[in-house]
Amino acid sequence: MLFGITNNYIIPPSTEFRMLNYLQVTDAETSPDPNQFMPERWLNNPFTSTGHPLSMHLTVFGKGPRMCPGMNFSLAEMYPGLSGLFRLVDLKLHETDRSNVDMAGSFFVPLPKASSKGVCVIMK
Ligand code: HEM
């Protein structure tokens with residue numbers, strides 16, 4: 001484990017501190033089998049093995065007073081947008097495999113390998 005959110009760290013005052021979302025949502029202690037696509041893991045307000053709400057670890061929009069003010073707008077757009085897309089359009093991966101999306105480096109946001117063209121799909 002690169003970074004343990006359950007570990008105890010002493011952070012001196014004035015230390016610049018950042019967290020990578022990627023490491024938070026792929027921490028096996030809070031989300032068992034984190035690399036499996038299991039959207040149902042979020043159903044019914046689940047708790048982690050350490051007794052915290054799992055939602056506490058979903059930090060893609062940040063947390064606290066500086067968190068993203070566009071969160072509700074984005075979710076309101078994404079829920080109908082993505083569910084409509086997956087229901088109405090047949091999507092097939094094209095020349096894309098796991099290696100095109102696995103994290104290979106970080107520039108504050110996680111990045112795939114340099115040669116990755118991202119996720120390519122054919123839509124029907
Ligand atoms: C999927 C879509 C989006 C994601 C994942 C996202 C994520 C984030 C994150 C991680 C931050 C930093 C929070 C922090 O520092 O703790 C942020 C800040 C911010 N976001 Fe978003 N965002 C999204 C969409 C939007 C949209 C649609 C808007 C505006 C309509 C927006 C406006 C802002 C603004 C103004 C800030 C700066 C807030 C501040 O520093 O006080 N975001 N966003």
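Sequence positions, counted from 1, serve as the residue numbers for this chain. First listed ligand is number 1; within each ligand, the first listed atom is number 1.
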Checklist outcome for this item: Among G70, C68, A76, the residue with a heavy atom nearest to atom 17 (C) of ligand 1 is C68
Tell me the protein heavy atom at minimum distance from [atom], and give that distance in Å.
| atom | value |
| --- | --- |
| atom 24 (C) of ligand 1 | S74 OG, 3.2 Å |
| atom 40 (O) of ligand 1 | R66 NH2, 2.8 Å |
| atom 34 (C) of ligand 1 | P69 CD, 3.4 Å |
| atom 10 (C) of ligand 1 | V60 O, 3.2 Å |
| atom 4 (C) of ligand 1 | F61 CE2, 3.3 Å |

Next on the checklist: So if I count the atoms of ligand 1 from 1 in the order they appear, which ones are less than 4.0 Å from some heavy atom of F73?
Outcome noted: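 Once the distances to F73 are compared, the set is 27 (C).
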Could you tell me if the side chain of [Y] sits less than 4.5 Å from the side chain of [X], heavy atoms only?
| X | Y | value |
| --- | --- | --- |
| S99 | K113 | yes |
| M103 | T26 | no |
| S74 | F61 | yes |

Next on the checklist: Walk me through whether T48 and H57 qualify under side-chain contact (heavy atoms from CB on, under 4.5 Å).
Outcome noted: CA-CA 9 Å; T48 65; H57 299 271; 3.8 Å; yes
Checklist entry - So does N45 have more than 12 non-hydrogen atoms from other groups sitting under 6.0 Å from CG? => result no
Item to check | side-chain contact (heavy atoms from CB on, under 4.5 Å) evaluation trace for M123 with L85 | outcome: CA-CA 10 Å; M123 299 171 78; L85 179 75; 3.8 Å; yes
